[in-house]
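Per chain, numbering begins at 1; letters A, B, ... match sequence-line order.
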Amino acid sequence: MKELDEIKSWIIDTAQTVIKHVIENGAWQADVRIEYGENYLTRFANSQIHQNVGETYTKAFLRVFLRDKRFGCVTIISRDIDEILKAADQALKIAKASKPDPFFKSLPEPDRILPTDRKMFFEEMIRLTPFDRAEIAGKVIDAAHEADKHVSAVNGALSTVLRLQAVANSLGVNIFQAYSFASLNVLVTAKNMQSEAEGFAYRVSGNLKEINAEEVGFEAGERASSGLDAKKIEPGDYEVVFLPYATATLMFHLAIDTSARSKDLGVSSLINKENKKVLHEDISVIDDPRSEKTPVPLLFDGEGVPKKRLVLFDHGVFKNFVYDSYYAGKEGKKSTGHASFWRHASPFPSNLVFEPGNSKLDDLIEDTKNGILVSRLHYSNTVDPRRGIITAMTRAGTFKIENGELKYSIKNMRFTDSYHRILNSLSILGKDLRSMVVRRGFITAPSIKVNSVKFVGTTG
Amino acid sequence: MEADETIREQSDYVKAGMVSYEARKIHKWFVSSEGSKIEAEIVFCGVGVSALTAKNGDVQRRSLPTSFGGNYVKRGWEYVESLNLVELAERVGKEATMLLDAKSCPSGRTTLILDSSQLALQIHESCGHPSEADRVLGTEASYAGTSFLTPDKLGKLKYGSEIVNIVMDPSPEKYPEALGSYKYDDEGVPVKRTYIVKEGVFTGYQLSRETAVELGFEESNGAMRADNWNRIPLIRMSLISLEPGDWKSEEIIEDTKDGIYMETNRSWSIDDKRLNFQFGCELAWKIEKGEKKELLKNPVYQGITPEFWGNCDAIGKDFFIWGIPNCGKGEPQQIMWVSHGASTARFRNVMVFSGR
């Protein structure tokens, strides 16, 4: 820990040094984020570890603004203060070569960071060795094979992450946070004489001890073996039960549309929808880094603005876009604390929580007359951003539901449909929350049952 | 900046203009305990312009020379100077505005003609990825998926029609400016020209030393690449191309009684085995009696990989190599620069519809 304390002091001091340097050399305002990170990954395929990698790095992202609103930014990966200062000089050069941005108002002033009772940093994660991770991977693999004799290959990755982050700006922001988390994703393949199937399970937690490796392996193994002998069904409009892993993908597309940048570019499906009912009245979504439901609390955003609970959807009514200081300034609003750490002007929710309901998964299935259970979505992409139309394939556990019962496994299917329409057909909200790391943040979601999803194709 | 201003001048409906430029210089040393000592200097840049227009709740985008950051080549600033960015900017602003008033693409099975930039992405997703031997052998299963091109299909599977020849050929002597060309991979193996599909039949993989042995090949063909010094190499695409045919691109259109011509990618999605795909493009033209008759917006097409390629009946000779800088793969994720050569090509009986 002494070493981490030294690193903490270094990144805080370096952030101040960088800001002082650029202000002395002509910047009007500037901010910098410096992150020390440790990432370790044990990856397994065909039931054996095939990659075991780790890295430490120090990365800085600096923005400088001249008085006439010309702006430049650089990113550098380095622990060498001279190299970082050279990069800072580059940012100044870029700013001098740019056009003024009339929409930039100001970087944020310091604001009180609300503390959290939740533990953000678990020291035991730092002390994990490759052998410790291998042991956990072994438990996953063994449990998956024990789930069913048809399990033929266990694949996945255990990842542990440590972050020490300092943010400083020329207006006095000078703050630090440290957090750690672990994630485990497992994809199991099962085979019999005539078919092959996959099953998926996932966990993420700030505390590795909260991840039950055997449980995850068993879940994926069971799901895989249940998927054998899949039948092909016709595309069409079906009721769907989405497991939390799949609901999280829908949420990701919702999250893109809540960004003030998407609004500004004219590509959000939520434009002109503030305080209007957009989704089913049972749907409430918050971005709350302090919620017990999100795996890792975060104290501030990439500009040092305190992170606070923000309601995005309140009983179906869209309440708030998420802002950083750039888009907030452009619209005459206050930043909501959603600035990216590594990109200029790209606000995004970091700790989304889809408030759960009270129903068990069995209740959702029982309520379904002619539908599909979707475990996970693969390769989702936006087709028409203004109407919220997305496309995705199902993957790793897709089942036909008839008259309230899981009947048989089906081949993966593609839907192309509006997530607004899908979520507006919500029938039942599950209480089984699961969290995932989805590209730019944590998303926590329950199982949901919806009455209508338009499937347009099946896999070959 | 002039290009950026030009985009906005084209109409009041232009919501955003984007001009992107990226340049990279990489100096790479590879040393192995088996005696390899390889030094390489790689310079590449990419440039593109894009316009976003909005009207009545509709948003359209138009990008040139292609979408998502533009085209990338192994050249320097002279590449940017060789393109008339201001002219491209004027065109994207105008076309994105025209698209707002265009009719939506109709739905149904039809004859589809793709421009070479869209076809490059089709090759990438439906041929490049499934022929990566590590995907085939399951080592990428937990993330990006596996492949329908299993070893039992090698030499047997009818991947496409007889005119379809897809080759891995990253030779820097032949294609010095192709983004994905190189002489030695990141295992120190010299690259080897390999047909992945020959006369429609699936015939080859992109290999590493390990996967070559596992799949019964004599040697690797040099497809292992790492995106940085701090990453282990994975099997990555290099330069994978559809060999050109005999048609002039305009002849393919003239020869088509009824169909849709689509240009420039807008969205993409494909399943974990690389079979079921869906692509959206920025614009399309309704073709009637051999002529582009009507501009269409929000065109989308879907298919199953071997059925789609099996219905390819005309390939143009307007071969062009497109550079894609951001192919993602692996855990931790690596971003690799690759390229694909493609021409205008025609496919029969493809499901198209409007993504709106």
J.: Just how far is it from atom CG of A/D384 to atom OG of B/S267, taken to the nearest 0.5 Å?
T.: 9.5 Å
J.: Does atom CD (A/Q194) have a neighbourhood of more than 12 heavy atoms from anything else shown, all under 6.0 Å?
T.: yes
J.: Is chain B contacted by the side chain of A/T382, its backbone, both, or neither, given a heavy-atom distance below 4.5 Å?
T.: backbone
J.: Checking B/D272 side chain against A/T394 main chain: does a donor-acceptor pair fall under 3.5 Å?
T.: no
J.: Side chain, backbone, both or neither: which part of B/F148 has a non-hydrogen atom closer than 4.5 Å to chain A?
T.: neither
J.: Verify the neighbour count for atom CZ of A/F252: are there more than 12 heavy atoms of other residues, nucleotides or ligands below 6.0 Å?
T.: yes
J.: Between A/R43 and B/G330, is there a donor-acceptor pair closer than 3.5 Å when you use the side chain of the first and the backbone of the second?
T.: no
J.: Against chain B, label A/D264 side chain, backbone, both or neither, depending on which of its atoms sit under 4.5 Å from a heavy atom there.
T.: backbone
J.: Might you confirm whether atom NZ of B/K153 has over 12 heavy atoms from other residues, nucleotides or ligands at distances under 6.0 Å?
T.: yes
J.: Would A/T416 and B/V300 count as a side chain to side chain contact (heavy atoms under 4.5 Å, CB included) if you check the C-alpha gap in whole Å, the side-chain angles of each, and the deciding distance to 0.1 Å?
T.: CA-CA 11 Å; A/T416 299; B/V300 179; over 6 Å; no
J.: How long is the span from the CG atom in A/N381 to the CZ atom in B/F279, to the nearest 0.5 Å?
T.: 10.0 Å
J.: Using a cut-off of under 4.5 Å for heavy-atom pairs, which of A/N412, A/T189, A/V383 has the most such pairs with chain B?
T.: A/V383
J.: Looking only at heavy atoms, what is the nearest atom pair of B/D4 and A/K99, with distance?
T.: OD2-NZ, 4.2 Å
J.: If you look at every heavy atom in B/V59 and A/R386, which pair is closest and at what distance?
T.: CG2-CG, 3.2 Å
J.: Which of the residues B/G355, B/S269, B/A16 is involved in the greatest number of heavy-atom pairs with chain A at under 4.5 angstrom?
T.: B/S269
J.: For the interface with chain A, which of B/I270, B/T305, B/T146, B/D58 has the highest count of heavy-atom pairs at distances below 4.5 Å?
T.: B/I270
J.: Do A/V53 and B/I232 have side-chain heavy atoms sitting under 4.5 Å apart?
T.: yes
J.: Tell me, side chain or backbone of B/R61 under 4.5 Å from chain A's heavy atoms, or both, or neither?
T.: neither
J.: Taking the side chain as every heavy atom from C-beta outward, state whether B/Q278 and A/M393 have any pair of such atoms under 4.5 Å apart.
T.: no
J.: Please report the closest heavy-atom contact between A/Q51 and B/L234, naming both atoms and the distance.
T.: NE2-CD2, 3.7 Å
J.: To the nearest 0.5 Å, tell me how far B/N298 CG sits from A/I389 CD1.
T.: 8.5 Å
J.: Considering only heavy atoms, which portion of A/S418 lies under 4.5 Å from any heavy atom of chain B: side chain, backbone, both, or neither?
T.: neither
J.: So which atom in B/T139 and which in A/A45 form the shortest heavy-atom distance, rounded to 0.1 Å?
T.: CA-CB, 3.6 Å
J.: Is A/V456 in contact with chain B via its backbone, its side chain, both, or neither, using a 4.5 Å heavy-atom distance?
T.: both
J.: Search all heavy atoms of B/N276 against all heavy atoms of A/G457 and return the closest pair with its distance.
T.: ND2-C, 4.0 Å
J.: Find the one option among B/M351, B/Q333, B/K273, B/E125 whose heavy-atom pairs under 4.5 Å with chain A are most numerous.
T.: B/E125
J.: Does one side chain, of B/E331 or A/N185, offer a donor that lies under 3.5 Å from an acceptor on the other?
T.: yes
J.: With a 4.5 angstrom heavy-atom cut-off, is it the side chain or the backbone of A/A97 that approaches chain B, or both, or neither?
T.: backbone
J.: Heavy-atom cut-off 4.5 Å, strictly under: side chain, backbone, both or neither for A/E196 against chain B?
T.: side chain
J.: Between A/G266, A/A157, A/S380, A/S269, which shows the greatest number of heavy-atom pairs under 4.5 Å with chain B?
T.: A/G266
J.: Just wondering, more than 12 heavy atoms not from B/D12 lying within 6.0 Å of its CG?
T.: no
J.: Restricting to non-hydrogen atoms, name the atom on A/P385 and the atom on B/R266 that form the minimum distance, rounded to 0.1 Å.
T.: CD-NH2, 3.8 Å
J.: Is A/L265 in contact with chain B via its backbone, its side chain, both, or neither, using a 4.5 Å heavy-atom distance?
T.: both
J.: For residues A/H50 and B/E210, determine if any side-chain heavy atom of one lies less than 4.5 Å from a side-chain heavy atom of the other.
T.: no
J.: Distance check, rounded to the nearest 0.5 Å: B/S142 atom OG versus A/Y202 atom OH?
T.: 11.5 Å
J.: Establish, from distance only, whether the side-chain atoms of A/T459 and B/D271 form a donor-acceptor pair under 3.5 Å.
T.: yes
J.: Can you tell which of A/M413, A/R387, A/R395 has the highest number of heavy-atom pairs within less than 4.5 Å of chain B?
T.: A/R395
J.: For atom OH of B/Y13, decide whether the heavy atoms of other residues, nucleotides or ligands shown that lie under 6.0 angstrom number more than 12.
T.: no
J.: By a 4.5 Å heavy-atom criterion (distance strictly below it), what part of B/E5 contacts chain A: side chain, backbone, both, or neither?
T.: side chain
J.: More than 12 foreign heavy atoms under 6.0 Å from CG of A/N272: is that the case here?
T.: no
